[in-house]
Amino acid sequence: VGVGVASNTGAHLEVAYRQSLTFGRPYALQTGARIDQNGGFGYVDLLFPPKPNGARDSVGALVEDSDIEDLQVKRWSVGAARARLRGTRTARHIETKWNVNFEHEERKTPLDPLIELDTLSTTYTWIRRDVDEIVNPRRGNVIELEGTVGASGAELDKAFVRGYSRVSQYFPIGPRDVLILRGEVGAVKVDTADVVPTRFLFRTGGSTTVRGYDYESLGVKSGGATVGGRALALASAEYVHWLQRWGGNWGVAGFVDVGDA
């Protein structure tokens with residue numbers, strides 16, 4: 001059980017539960033819930049034992065209710081996934097994940113009518129980490145690629161294709177400093193965004209994206225709210241100087257972020 005405060009979502013209360021044996025089998029159960037100033041969600045996942053090739057299958061369900069920038073979204077989803085890790089978990093590895101998901105979404109803005117979607121989608125994610133340290137890297141890079149195909153109905157104009165990529169590069173400078181360059185691009189190919197669930201569209205802004213803007217406040221203005229767009233472009237440059245005092249765990253950073261959705 002935990003309480004806390006985050007820059008993006010404000011104060012929150014969360015609870016999580018895990019157990020390694022479920023139904024007398026080595027199935028790992030993970031479940032939890034969280035409430036914050038933007039809404040809340042609850043989830044349950046069942047992870048099966050790793051296969052000889054390192055792949056690990058899982059099934060899960062999620063319920064979520066959020067209100068961000070006057071866009072109200074209620075959704076539930078069920079899905080199955082297969083994940084695989086090649087290499088050492090600590091620093092250098094390739095992580096892949098393929099999942100199939102069905103979700104029901106209801107979204108509403110102050111001025112537009114309610115949109116209801118039933119969407120079947122499949123997503124493949126490829127992440128390569130080649131860094132000197134997994135938690136606080138100073139050298140190397142992280143590359144993430146993701147592709148999704150989905151449909152919110154049987155008609156061809158209700159199908160969509162989504163692509164997303166993110167690259168972070170770390171350059172050590174001197175014994176303690178580091179320069180971090182980051183870029184993100186994404187696009188959804190679809191006739192109208194009304195047939196695409198919110199989580200597959202793009203909004204940005206917040207402490208981990210374009211800093212200085214409220215969480216997910218950059219996007220398309222529609223119906224008196226900020227809704228998801230069909231394209232994303234973002235770039236960031238950051239210089240970090242780690243102090244010698246206090247065990248070297250504190251630093252000073254200067255950064256420039258630019259981006260929009």
Side-chain angles (χ1 to χ4, degrees), residues 5-12 34 36-41 62 64-75 77 97 101 103 105 107-112 115 117 119 121 123-127 129 137 141-148 150 160-170 179-190 192-240 253-261:
V5 178
S7 299
N8 287 340
T9 55
H12 64 260
R34 172 176 169 140
D36 58 39
Q37 292 180 217
N38 290 333
F41 64 85
L62 170 75
E64 183 178 19
D65 188 347
S66 66
D67 187 347
I68 303 174
E69 294 294 316
D70 294 321
L71 176 64
Q72 301 177 12
V73 178
K74 297 181 179 180
R75 72 183 185 99
S77 66
K97 186 176 183 179
N101 189 79
E103 64 183 278
E105 176 181 281
R107 66 174 183 246
K108 181 76 170 60
T109 66
L111 302 179
D112 292 332
I115 295 177
L117 297 173
T119 305
S121 64
T123 299
Y124 183 80
T125 304
W126 183 92
I127 302 175
R129 294 181 178 90
N141 56 67
V142 180
I143 301 174
E144 179 179 351
L145 303 174
E146 186 175 271
T148 300
F160 63 90
V161 178
R162 179 184 187 269
Y164 170 80
S165 66
R166 174 188 173 112
V167 178
S168 300
Q169 181 71 49
Y170 302 86
L179 173 66
I180 307 171
L181 302 180
R182 175 171 53 91
E184 296 181 49
V185 294
V188 180
K189 178 64 175 176
V190 68
T192 172
D194 289 346
V195 301
V196 182
T198 299
R199 72 184 185 99
F200 292 125
L201 297 171
F202 298 104
R203 290 190 294 181
T204 190
S207 62
T208 60
T209 56
V210 184
R211 288 162 283 192
Y213 291 86
D214 289 338
Y215 179 56
E216 294 195 347
S217 63
L218 299 177
V220 176
K221 307 302 180 182
S222 176
T226 301
V227 303
R230 287 180 283 181
L232 169 74
L234 189 154
S236 172
E238 180 173 352
Y239 188 93
V240 183
F255 59 86
V256 176
D257 298 336
V258 59
D260 204 353

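- The two residues A225 and T109 make their nearest non-hydrogen contact at CB-CG2, 3.8 Å.
- F200 and F160 have their aromatic ring centers within a separation under 6.0 angstrom.
- Interatomic distance, R182 CZ to N141 CG, rounded to the nearest 0.5 Å: 15.0 Å.
- Closest approach of A237 to L181, counting heavy atoms only: CB-CD2, 3.7 Å.
- To the nearest 0.5 Å, the span separating CD1 on I127 from NZ on K97 amounts to 9.5 Å.
- Side-chain contact between R107 and L117 is present, with at least one heavy-atom pair separated by less than 4.5 Å.
- The side-chain heavy atoms of V220 and T226, taken from C-beta on, include no pair separated by under 4.5 Å.
- For S168, the side chain to side chain donor-acceptor pair (under 3.5 Å) criterion is met by no residue, not counting sequence neighbours.
- Between the CG atom in D65 and the CZ atom in F41 there is a gap of 12.5 Å [rounded to 0.5 Å].
- A search for side chain to side chain donor-acceptor pair (under 3.5 Å) contacts involving S207 returns N8, not counting sequence neighbours.
- Taking CD of E184 as the reference point, atom CG of L232 lies at 6.0 Å (rounded to 0.5 Å).
- In this structure, L218 CG and R203 CZ are separated by 10.5 Å, a value rounded to the nearest 0.5 Å.
- Looking at T198 and E105, their side chains come closer than 4.5 Å, going by heavy atoms from C-beta outward.
- Between T9 and N38, the side chains place no donor N or O within less than 3.5 Å of an acceptor N or O (distance only, hydrogens not considered).
- Side chain of Q37 to main chain of A11: a donor-acceptor pair is present (N/O by atom type, distance under 3.5 Å, no hydrogens or angles).
- Counting heavy atoms from C-beta outward, E216 and T204 have side chains that stay 4.5 Å or more apart.
- E146 and T125 are linked by a side-chain donor-acceptor pair at a separation below 3.5 angstrom, with hydrogens and angles left out of the test.
- Side-chain contact between D112 and S222 is present, with at least one heavy-atom pair separated by less than 4.5 Å.
- The cationic group of R230 does not satisfy the cation-pi geometry with F202, failing either the under 6.0 Å distance to the six-membered ring centre or the 45° limit from the ring axis.
- Between Y215 and E69 there is no side-chain heavy-atom pair separated by less than 4.5 Å.
- Applying the side chain to side chain donor-acceptor pair (under 3.5 Å) test to S121 and every residue at least two apart in sequence or in another chain returns nothing.
- Contact annotation: the side chain of D257 never approaches that of T209 to less than 4.5 Å [non-hydrogen atoms, C-beta and beyond].
- R75 contributes atom CZ, which lies 4.5 Å from atom CD of E64 (distance to the nearest 0.5 angstrom).
- Within a 6.0 Å radius of NZ in K221, more than 12 heavy atoms belonging to other residues, nucleotides or ligands are found.
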